[in-house]
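As structure tokens, the structure follows; a few thoughts come after it.
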Amino acid sequence: MGDIKKEEIALERVTEESFEGDIQHVNNPVLDLPEIEKKYLRSVTGYVKDGNNFVFTDGKAQVEVKVVTDDVIRVRLAPQGAFLDDFSYAVIEQEKHTHSYDIREDDKNFHVKTNNVICTIAKKDFLVSFSDINGKTLNADHAPMHWEENPDFGGYYVYCTKKAYEDEVFFGGGDKASNLNLRGRRIKNWNSDTYSFAFNQDPLYKTIPFYIGVTQGDAYGIFFDNTFKTFFDFAAEHQDQTSFWSEGGELQYYYIHGPQIMDVVQRYHALTGTHFLPPMWAIGYHQCRWSYYPEKMVRDVASEFRKREIPCDAIYLDIDYMEGYRCFTWNKQYFPDPRKMISDLSANGFKTVVMIDPGIKVDENYWVFKEGHDNKYFCRRGDDYFMEGFVWPGRCQFPDYTNPDVRTWWGTLYKGLVDDGVAGFWNDMNEPAVFGRGTFPDDVRHNYDGYRGSHRKAHNIYGMQMVRATYEGLLKLYKNKRPFTITRAAYSGTQRYSSVWTGDNIATWEHLRIGVLQLQRLSVSGLSFCGTDIGGFTGNPDGELYTRWMQFGVFSPFMRVHSAGDTRDREPWSFGPEWEAICKKFIELRYRLLPYIYSIFWQQHKYGLPILRPVALLEQHVYKNLLREEEFAFGDKILVSPVLNPGQMSKVVYLPKGEWFYYFTNEVFKGEEEVSIPTPLDQMPMFIKGGTILPEYPVMQYVGEKKIEALKLNVYYSEGEHHSYGYTDHGDTFAFEQNVYLEKHFIFTAEGNKAKILQQRDGLFTERYDDYNIYLIGFPFEVNQVIADGIVVPVLSKENGEKYVVVDNDFKKITIE
Ligand code: MIG
């Protein structure tokens with residue numbers, strides 16, 4: 001399976017240019033920039049109102065303040081008074097809410113006011129600040145917006161410097177492999193192929209120029225929608241300042257009001273879109289490897305899963321399935337009859353996912369190259385020569401995905417593979433990565449949807465536009481079936497087209513911890529459908545690390561084991577029977593939780609709720625909680641804290657407000673406290689919130705394997721009123737867009753010796769089972785009588801003492817006494 005040569009080539013790519021390690025440039029305040037005079041806005045001389053736009057001027061420069069919604073205000077700077085084209089790959093068309101806004105003027109300031117936010121512009125020095133309607137300032141300029149002429153291309157470097165409050169902490173920023181709180185750090189956004197990246201290494205694969213600040217318990221967000229190389233300094237250089245700047249483009253940012261972090265995240269999603277609803281199989285367990293080939297190996301791995309009864313929904317084919325790494329072809333020596341193989345796998349419950357890279361081999365006899373070449377679809381340099389570089393296929397050219405025609409064409413190329421039965425696509429190397437030189441040279445020209453620009457402008461959105469082309473093409477090819485895509489590079493808004501993974505991590509305990517940080521950060525940065533290479537991509541985990549990582553994997557929105565070719569085997573049984581048994585138990589847990597997980601994906605898709613929720617997001621009013629990094633909620637009902645050290649026998653876990661049931665024993669803990677939990681190898685700190693109604697599937701080997709006779713609902717007793725939400729539909733079609741789905745809302749109330757469950761259902765989908773088996777967990781009284789919609793139902797007991805009742809799935813009211 002191993003192929004060491006590839007790894008050597010890969011290592012060569014980590015050039016000094018792409019690897020900046022932990023350099024913090026503490027002694028170099030103008031990080032990477034030449035010393036040039038900065039120009040600042042002067043005093044405001046007047047403004048013009050145009051609908052919800054207010055354009056202020058200092059006589060020459062202009063600043064536009066646009067009321068986007070009651071909670072979102074956009075600010076743009078035009079140093080010479082001319083704004084750039086108003087075009088964004090990140091921001092989607094905003095629904096036209098009727099919101100009210102007005103402007104007031106006093107001696108010193110202008111105030112643009114919405115129902116929830118006041119944006120103040122100081123006349124004297126043009127400082128812009130934002131406060132809530134009670135006048136509490138959350139975000140304010142430290143210096144007027146400024147810029148400097150960029151000698152490289154005649155545009156501007158643009159700067160915004162905000163105040164950083166003493167207690168302020170900072171979240172977001174995408175895939176940065178750093179502590180959750182970014183205070184004291186500088187980050188740089190320039191999508192980079194960062195094989196075996198290190199803690200604090202920056203930049204990485206993705207650009208999410210969005211952060212959340214929390215001060216005095218209140219949160220706001222800033223989305224700096226600029227695709228050039230961008231930088232953020234979170235009170236690193238000066239403790240009282242937070243800056244962001246860019247090597248080109250417009251100073252344009254959105255202020256997103258809170259005051260809850262959750263509000264900010266949801267509003268950021270409203271701006272940039274939510275994740276598509278994945279097919280249900282995409283949230284099962286996936287097995288990947290660089291690479292499974294030939295066909296016999298793929299079949300062996302698949303049948304091994306079934307033989308050992310370890311659930312698995314998808315198997316991946318990395319680059320070696322292609323003919324000489326030519327995209328959209330098969331290596332017929334390794335895979336003589338791909339259709340047959342894929343359909344056999346499919347009959348056995350496996351979906352096949354394959355990789356597609358952007359580099360197209362320069363080869364006159366290769367149809368993809370010929371079509372791209374004849375239509376001038378490949379990127380060209382400033383002097384009009386084609387951009388060429390070496391990647392896996394050798395000499396390559398690269399489609400310009402920022403051209404809409406190229407995207408359409410690219411989307412059609414998948415037809416053959418789709419006809420062969422491939423169910424999902426994996427877009428890699430789209431930072432874009434080029435051997436030796438790292439990426440494209442700056443002078444490469446891009447169409448940029450008609451707003452032409454060089455690679456300086458298009459670099460950070462190249463991968464996003466590639467996976468967009470993939471996704472949009474698949475939408476047409478699969479018709480009413482949902483596509484599944486995964487990408488390595490991303491820009492804000494990529495969630496509309498793809499899931500993401502964190503790239504080439506390492507099989508170390510440190511990297512398991514980094515993964516816990518990265519996935520939480522991605523989740524509050526709009527990329528909830530994310531995962532790490534479970535077990536680590538490079539290096540060799542032992543059974544314990546692999547197993548602990550698998551446990552974290554159950555609570556990773558995307559759950560996939562993947563590894564580089566020269567490392568030891570990584571199937572769940574590769575580490576011996578003891579570890580296999582634990583991994584099997586946890587993969588089964590993922591499958592039990594599927595109806596819950598699917599519901600939280602729906603909540604992401606429909607309402608923009610993040611899937612992983614750091615404790616900071618749950619209880620931001622307690623400063624100490626803003627610094628907690630290891631415990632997080634998975635949806636709104638499950639709290640976990642993965643074990644991150646070898647030999648660890650117990651772990652101290654903070655539990656937020658409420659009561660929490662330790663999942664493996666149903667022992668109850670009170671929240672707002674730290675508790676110490678034993679961590680035997682076959683358990684991990686995992687808690688269900690008291691009052692929850694948690695749906696559970698029977699263990700299946702893959703999604704849809706069995707007809708579900710009755711859905712299990714676990715009711716976790718807790719006094720008071722509690723709401724739980726469920727979602728179900730076909731699992732893989734778009735009928736949900738026509739309301740063919742079922743949203744369920746359960747209200748559980750308990751007081752003294754009485755409890756009650758109400759159910760409300762909305763939508764047109766009919767479930768395939770008629771009954772719920774409702775398990776009563778942690779009830780403090782002897783249950784004597786259960787009445788469902790007026791009819792007494794018997795209370796049944798399992799051998800182990802568990803009590804349950806069987807009721808119609810469309811019950812409206814159950815009383816328990
Ligand atoms: O140059 O396709 O991050 O997941 O296995 C390496 C081979 C290219 C990098 C990806 C990794 C994948 C590998 N790829």
Side-chain angles (χ1 to χ4, degrees), residues 2-19 190-197 203-205 290-291 293 317-331 354-373 376-402 406 410 413 426-446 454-456 458-460 462-463 465-467 469 487-489 503-504 537-538 564-566:
D3 187 351
I4 288 169
K5 252 195 290 157
K6 283 178 212 152
E7 287 304 296
E8 282 169 0
I9 300 171
L11 270 169
E12 270 173 34
R13 286 178 294 129
V14 185
T15 59
E16 240 178 282
E17 159 70 14
S18 70
F19 178 77
W190 186 251
N191 293 353
S192 303
D193 177 3
T194 42
Y195 174 85
S196 287
F197 58 88
L204 297 179
Y205 303 90
W290 179 10
S291 301
Y293 72 88
L317 304 180
D318 203 325
I319 42 176
D320 301 285
Y321 80 90
M322 303 176 205
E323 175 61 44
Y325 306 117
R326 288 172 190 79
C327 290
F328 310 105
T329 66
W330 287 97
N331 178 318
V354 306
M355 169 169 282
I356 290 290
D357 285 344
I360 298 300
K361 188 175 179 67
V362 175
D363 170 358
E364 297 294 336
N365 299 316
Y366 169 38
W367 56 284
V368 178
F369 176 74
K370 264 184 67 60
E371 279 182 33
H373 183 79
K376 298 198 161 58
Y377 286 159
F378 296 122
C379 294
R380 275 175 287 167
R381 305 284 301 263
D383 55 7
D384 233 24
Y385 282 102
F386 285 102
M387 152 65 207
E388 291 202 345
F390 280 80
V391 214
W392 293 109
R395 194 176 141 207
C396 284
Q397 294 187 8
F398 302 83
D400 180 12
Y401 301 107
T402 71
V406 176
W410 184 257
L413 298 177
W426 174 21
N427 285 168
D428 185 24
M429 304 291 275
N430 51 358
E431 291 69 31
V434 179
F435 291 168
R437 60 153 50 119
T439 190
F440 295 0
D442 283 349
D443 72 328
V444 168
R445 295 289 183 262
H446 294 273
S454 74
H455 197 64
R456 301 163 57 91
H459 176 82
N460 284 334
Y462 187 84
Q465 294 311 305
M466 177 194 188
V467 77
T487 178
R488 195 170 68 178
D504 299 343
F537 179 73
T538 64
D566 63 344

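From a predicted model like this one, the values you see are computed outputs, not experimental measurements.
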Specify the closest pair of heavy atoms between V368 and C327, including all atoms of both residues, with the distance to one decimal.
CG2-O, 4.1 Å
Once rounded to the nearest 0.5 Å, what's the spacing between atom OH of Y401 and atom SG of C379?
8.5 Å
Testing the basics here: between Q397 and F378, what is the closest heavy-atom pair and its distance to 0.1 Å?
OE1-CD1, 3.4 Å
Tell me, do Y377 and E371 make a side-chain contact under 4.5 Å, heavy atoms counted?
no
How would you list, by chain and number, every residue that makes a side-chain contact (heavy atoms from CB on, under 4.5 Å) with D363, sequence neighbours excluded?
R326, K361, N365, Y366
CG (L317) and CH2 (W426) are apart, to the nearest 0.5 Å, by 9.0 Å
Starting at CG of N427, measure out to OG1 of T487 and round the result to the nearest 0.5 Å.
5.5 Å
So, do P358 and N430 sit near enough that their side-chain heavy atoms are less than 4.5 Å apart?
yes
In terms of relative ring orientation, are H446 and F440 parallel, tilted or perpendicular, with 30° and 60° separating the classes?
parallel
What's the separation between atom CG in D384 and atom NZ in K376, rounded to the nearest 0.5 Å?
8.5 Å
Does a side-chain heavy-atom distance below 4.5 Å link F398 with I360?
no
Would you say Y321 and V354 make side-chain contact, with heavy atoms under 4.5 Å?
yes
Within the structure provided, determine whether W392 and M322 are in side-chain contact (heavy-atom separation under 4.5 Å).
no
Distance col, row I319:CD1 vs D428:CG, nearest 0.5 angstrom, shows 8.0 Å
Apply side chain to side chain contact (heavy atoms under 4.5 Å, CB included) to L204 and F197, showing your working.
CA-CA 8 Å; L204 297 179; F197 58 88; 3.7 Å; yes
Side-chain donor or acceptor of N460 paired with backbone N/O of N191 under 3.5 Å:
yes
So, for H455 and W190, which heavy atoms are closest and what is the spacing to 0.1 Å?
O-CH2, 4.0 Å
If we only count heavy atoms from C-beta on, is the E431 to Y462 side-chain gap below 4.5 Å?
no
Under 3.5 Å: donor-acceptor pair, side chain of R445, backbone of D443:
yes
Shortest non-hydrogen contact between D357 and M466, atoms and distance:
C-CE, 3.5 Å
Under the side-chain hydrogen bond (donor to acceptor under 3.5 Å, both in side chains) test, which residues partner E323, sequence neighbours left out?
none
Spatial distance of atom CG (D504) from atom CZ (R488) [nearest 0.5 Å]:
5.5 Å
Report the relative orientation of the aromatic rings in W290 and F537; use parallel for angles under 30°, tilted for 30 to 60°, perpendicular for over 60°.
parallel
Of all heavy-atom pairs between V406 and P399, which one has the smallest distance, and what is that distance?
CG1-CB, 3.8 Å
Is any side-chain heavy atom of Y205 closer than 4.5 Å to a side-chain heavy atom of D193?
yes
Can you check whether R456's main-chain N or O pairs, donor with acceptor, with S454's side chain at less than 3.5 Å?
yes
Side chains of Y325 and C396: closer than 4.5 Å at any heavy-atom pair?
no
